[in-house]
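The structure appears below as structure tokens.
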Amino acid sequence: MPPPRSAFALLNAFKRTQLVSTHIRCHERLFVRTCSSHGPPLPYEWMTPAVDPNPQPKPDRKSQLNPPTPEPPIPPTDHRTLAQTHDLFITSPYSPGSPLLLPNGAYLFQKLQAFLRAQYPQFGFKEVITPTIYKKSLWEKSGHWDNYAEDMFSVQGRGATGDTENADVGQNEEFGLKPMNCPGHCLLFSDEIRSYRDLPIRFADFSALHRNEISGALSGLTRVRRFHQDDAHIFCRPDQILAEIEQTLKFVGMVYDTFGLGPYKLLLSTRPQDHFIGTVEEWDRAEKQLATALTNSGREWYLNEGDGAFYGPKIDIILKDSNGKEHQTATIQLDFQLPQRFDLQYQASPEEIMTGTKSPSTEGLDPANRRPVIIHRAIYGSLERFIALLIEHYAGKYPFWLSPRPAIILSLNQDPKTLKHVSYLQSVLSGLKLPQTESDEYASPLPQSLSTVHLPIDVDISARGLGKKITAAKKKKYNHIIVVGAEEVQSGGMRLEVNHQPDKPTIKEVLGAILGRELEEAETERKIVVNMDPQQARSYFEELVNRFI
């Protein structure tokens with residue numbers, strides 16, 4: 001749970017109108033609070049079970065979704081403590097709220113990105129890269145400067161403090177670090193003429209975002225000022241909303257099942273009582289499509305009446321973690337507002353023209369054009385916060401494909417032959433190409449294949465005793481511990497011990513298939529320990545990566 005709000009922050013939230021607080025919900029944040037209001041968690045008494053039409057008595061405060069407490073306890077698997085053990089990230093007073101990821105943390109981060117990138121083609125997303133800063137005039141156009149300026153970082157561009165001779169239009173403007181990607185994606189959409197046949201268009205973006213959080217709320221990876229979202233925007237026709245929402249819910253389910261996260265439920269936030277754009281008929285039609293998609297998903301969902309953003313209804317995913325706490329993670333939002341602000345349009349289909357379907361949002365458009373609807377979509381939400389959730393969920397026992405410490409090789413002695421064999425094993429298990437002849441060692445290296453599964457295999461060749469090395473390796477939660485001594489040097493093989501590796505039955509199955517035999521009882525009586533050659537071990541590692549994904 002985040003710490004309680006300060007009186008100053010509450011006052012600022014109160015000063016903003018409802019329209020302001022809903023506008024900045026473009027992307028919801030992980031762990032309870034939304035990115036819009038920074039407010040307390042949503043109480044259950046605001047929700048209506050979608051499957052039960054009869055009103056229920058309001059539960060007491062204890063039944064709230066993550067009820068706030070004056071001094072929230074630190075859970076036994078706090079991600080900040082575990083991060084120190086696993087060397088994942090540090091923080092610095094020189095950049096408060098912007099964690100510095102160490103190599104192990106960066107490995108987790110990149111694996112999360114790579115996993116989603118691998119899924120994008122089957123869901124029709126194309127990744128884009130957009131600027132970190134834009135001129136004030138863009139944020140005024142999108143509405144962020146009026147509604148969100150106090151939570152943005154302003155940047156002084158060249159000439160911003162005075163007139164510049166022969167300056168271009170807007171050169172003297174103030175700049176703002178982007179808190180979200182939607183305006184940039186609108187610029188991409190409007191760059192060319194779009195036809196109804198082109199839609200839907202799906203842009204995905206991992207760009208860094210910045211939000212000027214109050215310093216007292218900053219905490220590890222869960223409350224930060226600089227973060228990355230698995231951000232995406234779907235530009236579609238109104239008649240495509242249902243199909244896109246259903247596909248997005250399938251995407252969410254696939255991702256959460258892969259990480260073993262859940263159970264989770266879904267909230268449908270509907271039209272606010274006041275301060276909304278578009279017609280009631282447009283809202284009713286959109287909400288009906290969202291409700292149909294939720295029902296078709298087969299998952300538990302609730303109505304959260306009146307809490308939609310002013311620009312459209314939304315679906316929030318509520319996840320229960322390993323400690324029983326519930327967190328708001330993914331979000332799916334409809335937006336009728338930005339297409340108007342950026343004058344987005346597409347050439348209408350013959351059916352749209354024939355039926356004459358128009359609305360206030362299409363006023364001033366050519367009769368042959370219509371405005372698209374934008375679906376804002378985030379599955380991880382903030383990658384930094386998702387990492388924090390995974391750190392606590394796995395408590396250091398990461399699946400092999402995601403683990404920043406898949407294996408470590410320990411030397412029994414300091415003999416040069418032993419150390420050379422350790423180096424050889426590290427290269428093979430990491431997935432590096434090895435020189436085929438002695439002359440190759442002095443040649444320029446060849447490029448590695450993009451399809452190679454590279455693994456960060458560590459070594460410990462210190463003069464410490466083997467017992468101390470093994471103790472240290474187990475404390476650091478390596479998935480596998482490999483011991484190399486004179487016997488391994490002579491045989492050219494290695495001794496592998498499975499350690500802190502989930503799903504032992506799968507491990508036994510894969511090892512048995514690689515070795516071509518069933519594991520003996522002595523090899524698995526207390527722990528799995530086998531002797532194998534380096535190529536077998538590499539094949540075993542590759543199969544684990546493929547199996548767990």
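Side-chain atoms are counted along with the backbone in the values below, which use heavy atoms only and exclude waters and symmetry mates.
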Euclidean distance, [Y] [atom2] relative to [X] [atom1], rounded to 0.5 Å:
{"X": "D151", "Y": "R211", "atom1": "CG", "atom2": "CZ", "result": "9.0 Å"}
{"X": "H79", "Y": "T81", "atom1": "NE2", "atom2": "OG1", "result": "9.0 Å"}
{"X": "N304", "Y": "L268", "atom1": "CG", "atom2": "CG", "result": "8.0 Å"}
{"X": "L108", "Y": "Q113", "atom1": "CG", "atom2": "CD", "result": "12.0 Å"}
{"X": "E127", "Y": "D230", "atom1": "CD", "atom2": "CG", "result": "10.5 Å"}
{"X": "H233", "Y": "F203", "atom1": "NE2", "atom2": "CZ", "result": "11.0 Å"}

Over all atoms of both residues, closest heavy-atom pair of [X] and [Y]:
{"X": "M152", "Y": "G176", "value": "CE-CA, 4.3 Å"}
{"X": "Q240", "Y": "P200", "value": "NE2-CD, 3.4 Å"}
{"X": "I353", "Y": "R370", "value": "CA-NH2, 4.0 Å"}
{"X": "L334", "Y": "A286", "value": "CD1-CB, 3.5 Å"}
{"X": "Y196", "Y": "A348", "value": "CD2-O, 3.5 Å"}
{"X": "K477", "Y": "G396", "value": "CB-O, 3.3 Å"}

Determine, using ring centers only, whether F115 and Y380 are less than 6.0 Å apart. no
Validation row, ring centre W139 to ring centre F153 under 6.0 Å: no
I'd like to check the salt bridge (charged side-chain N to carboxylate O under 4.0 Å, His left out) partners of [X]; sequence neighbours left out, ordered by chain and number.
{"X": "E543", "value": "R547"}
{"X": "D198", "value": "none"}
{"X": "R225", "value": "none"}
{"X": "D239", "value": "R237"}

May I ask you to check whether [X] and [Y] show a side-chain donor-acceptor distance below 3.5 Å?
{"X": "E300", "Y": "Y302", "answer": "yes"}
{"X": "S137", "Y": "E140", "answer": "no"}
{"X": "K397", "Y": "S403", "answer": "no"}
{"X": "Y134", "Y": "S142", "answer": "no"}
{"X": "S219", "Y": "R80", "answer": "yes"}
{"X": "Y398", "Y": "R405", "answer": "no"}
{"X": "D231", "Y": "N181", "answer": "yes"}

[X] side chain to [Y] main-chain N or O, any donor-acceptor pair under 3.5 Å?
{"X": "K178", "Y": "P131", "value": "yes"}
{"X": "H393", "Y": "G260", "value": "yes"}
{"X": "E287", "Y": "R271", "value": "yes"}
{"X": "N479", "Y": "H500", "value": "yes"}
{"X": "T452", "Y": "G431", "value": "no"}
{"X": "E384", "Y": "H228", "value": "yes"}

L261 and L389: side chain to side chain contact (heavy atoms under 4.5 Å, CB included), yes or no, with the steps? CA-CA 10 Å; L261 297 174; L389 190 152; 3.5 Å; yes
Mind checking side-chain contact (heavy atoms from CB on, under 4.5 Å) for [X] and listing every partner two or more places apart, or none if nothing turns up?
{"X": "Q122", "value": "Q119, M254"}
{"X": "P99", "value": "F89, L221, V224"}
{"X": "A293", "value": "L242, I245, E246, L249"}

Considering only heavy atoms from C-beta outward, does the side chain of [X] approach that of [Y] to under 4.5 Å?
{"X": "D307", "Y": "L267", "value": "no"}
{"X": "L390", "Y": "L112", "value": "yes"}
{"X": "S190", "Y": "D343", "value": "no"}
{"X": "W301", "Y": "K265", "value": "no"}
{"X": "L88", "Y": "F109", "value": "no"}
{"X": "T329", "Y": "Y256", "value": "yes"}
{"X": "K508", "Y": "P505", "value": "no"}
{"X": "I201", "Y": "I234", "value": "no"}

Report the C-alpha separation of F206 and I129 in whole Å, then their side-chain angles, then the decisive distance to 0.1 Å, and conclude whether the side chain to side chain contact (heavy atoms under 4.5 Å, CB included) test is met. CA-CA 7 Å; F206 284 112; I129 299 174; over 6 Å; no
Applying side-chain hydrogen bond (donor to acceptor under 3.5 Å, both in side chains), can you list everything that pairs with [X], at least two apart in sequence or on another chain?
{"X": "Y540", "result": "H480"}
{"X": "E542", "result": "R538"}
{"X": "R285", "result": "none"}
{"X": "T292", "result": "none"}

Partner of D335 under side chain to side chain donor-acceptor pair (under 3.5 Å), picked from H376, R341, Q340, is H376
So is R371 actually on top of F235's ring, under 6.0 Å and inside 45° of the axis? no
Over-ring placement of R194 relative to F189, 6.0 Å and 45° cut-offs: yes
Begin from the C-alpha positions of I507 and L544 and carry the test side chain to side chain contact (heavy atoms under 4.5 Å, CB included) through to its verdict. CA-CA 8 Å; I507 297 297; L544 282 189; 3.6 Å; yes
Is the shortest distance from a Lys or Arg side-chain nitrogen in R202 or E244 to a carboxylate oxygen in the other one below 4.0 Å? yes
Hey, is NZ on K504 packed in by over 12 heavy atoms from elsewhere, all under 6.0 Å? yes
Sequence neighbours excluded, the answer for ring-ring contact (aromatic ring centres under 6.0 Å, His included) partners of Y346 is none
